[in-house]
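Just below is one structure, and these are the notes that go with it.
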Amino acid sequence: MAGRILIDKLLRAGALERTEWIELLSVWREEDRDYAAELARQVSQLYFGNKIYVRGLIEFSNCCKNDCYYCGIRRSNQKAQRYRLSKEEILRCCEAGYDLGFRTFVLQSGEEGPEADLETAGLVADIKSAYPDSAVTLSLGEKSRETYEMFFKAGADRYLLRHETAESAHYAMLHPPVMSLDNRKRCLRDLKDIGFQTGCGFMVGSPFQTAESLAEDIIFIRELSPHMVGIGPFIPHRDTPFSGKPAGSLELTLFLLSLVRIMLKNVLLPATTALGTLHSTGREQGILAGANVVMPNLSPKAVCKKYSLYDNKIYTGDEAAEGRSHLESRLQAIGYETVTSRGDWRPESK
Ligand code: 5AD
């Protein structure tokens, strides 16, 4: 009962007190999750109807200078086979994606240095001139404000940078000492300030996560008020320090998706690949919990396996020509349809 009262308050006020978040996130029951999902679906319906935005994800390099303890492409993982797609290969992915109807390309890679950033800026400009009706989203990690400005001037529209956890002590348990939550927050504020449609987010069930740290995540999200929020379960990777740790819970991930939808109403909320990896219908369940974006992988098959952030990452082939209709029919089966517009964030787009 207490859960339902707090969820109603969240819908009404768009916020809860820290203590209320901690209570809701530590004592929630199945019925609270069902209730939140129902409200979240109604909110989604009001703002987006039954439309699901589709983004083509291109994982163009797994080279990374960071060493995050949870991530399979961390620098110290000697077993990772490193690759970087050429400009031509990436443009071919975009071309194939464009022909399939994709109007957003999400370029993601490990965190690379200034040389790669320059190349990426050139690539963004090329994609935007070849496909002026498409949006380009970047997900390349922490950069200087100047570098973000360079990407923006090159034509990038959006930037995804998960904050991972909004509690500094927890952040330090997930990352080496050279990384800091303060810099991550600085990046997110710069991105928003520059004019990117900006996405933050976190993993559910990352080691050492608590109801308190989750409460901080939600409070931070509300304060940043991003255009997108990426939430997926933590899934261990065998060649990382977190090998053998338990994966995050499907139910808690779905509950958090619903709560974020109820709080931020018109936010863009993907049903993530990690959710689809945890459960065969994870992404559909995500949509039924309030998500409104899916991001099929457009990367060439040969490199898909090498972009291994966690174990058993799915590669469904839903992105291939035949697969696109498979995705469509899976969504249709739960009452939704994909749209091929850019799907920009819109204020009060009820
Ligand atoms: N499990 C789930 N998600 C992960 N990510 C990185 N490693 C893992 C993992 N082991 C997520 C991080 C990162 C995004 C690109 O992938 O949240 O921001």
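For ligands, and for the atoms within them, numbers begin at 1 and follow the listed sequence.
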Q) Counting distance only, does the side-chain N/O of R346 pair as donor-acceptor with the main-chain N or O of N266 below 3.5 Å? A)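 Checked: no pair found.
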
List the closest protein heavy-atom neighbour of [atom]: residue, atom name, distance to the nearest 0.1 Å.
atom                    : answer
atom 4 (C) of ligand 1  : M203 SD, 3.5 Å
atom 2 (C) of ligand 1  : P233 O, 3.3 Å
atom 16 (O) of ligand 1 : L309 CD1, 3.4 Å
atom 11 (C) of ligand 1 : R162 NH1, 3.7 Å
atom 18 (O) of ligand 1 : E164 OE2, 2.6 Å

Q: Carefully, step by step, assess L256 and F202 under the rule side-chain contact (heavy atoms from CB on, under 4.5 Å).
A: CA-CA 10 Å; L256 284 157; F202 60 95; 4.1 Å; yes

So, regarding [X] and ligand 1 (criterion: nitrogen or oxygen to nitrogen or oxygen, under 3.5 Å), is there a contact or not?
X    : answer
Y70  : yes
H237 : no
I235 : yes

**Q.** Considering all heavy atoms, the nearest G141-E111 contact
**A.**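 Distance-wise, the nearest heavy atoms are CA-OE1, 3.5 Å.
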
Q: May I ask you to list the atoms of ligand 1 that are less than 4.0 angstrom from any heavy atom of C71?
A: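 Listed by number with element: 7 (N).
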
**Q.** Those atoms of ligand 1 less than 4.0 Å from some heavy atom in F234
**A.**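 Those of ligand 1 that fall under 4.0 Å from F234 are 1 (N), 2 (C), 10 (N).
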
Q) Closer than 4.0 angstrom: is that true for some heavy atom of G230 and an atom of ligand 1? A)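 Flag not set, G230 not near ligand 1.
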
**Q.** Trace of the side-chain contact (heavy atoms from CB on, under 4.5 Å) decision for E38 with D34
**A.** CA-CA 6 Å; E38 194 182 304; D34 288 344; 6.0 Å; no

(Q) Using a strict threshold of under 4.0 Å (side-chain N to carboxylate O), is an ion pair present between R18 and E216? (A)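 A salt bridge links E216 with R18.
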
**Q.** N-O pairing of R33 and E30 below 4.0 Å
**A.**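 Answer for the salt bridge query: yes.
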
Q | ILVMFWY cluster, V54 and L288 together (side-chain gap under 4.5 Å) | A |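 Yes, V54 and L288 fall within the same hydrophobic cluster.
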
Q) Are side-chain heavy atoms of L85 and P300 found at a separation under 4.5 Å? A)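 Side chain of L85 against side chain of P300, heavy atoms only: contact under 4.5 Å found.
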
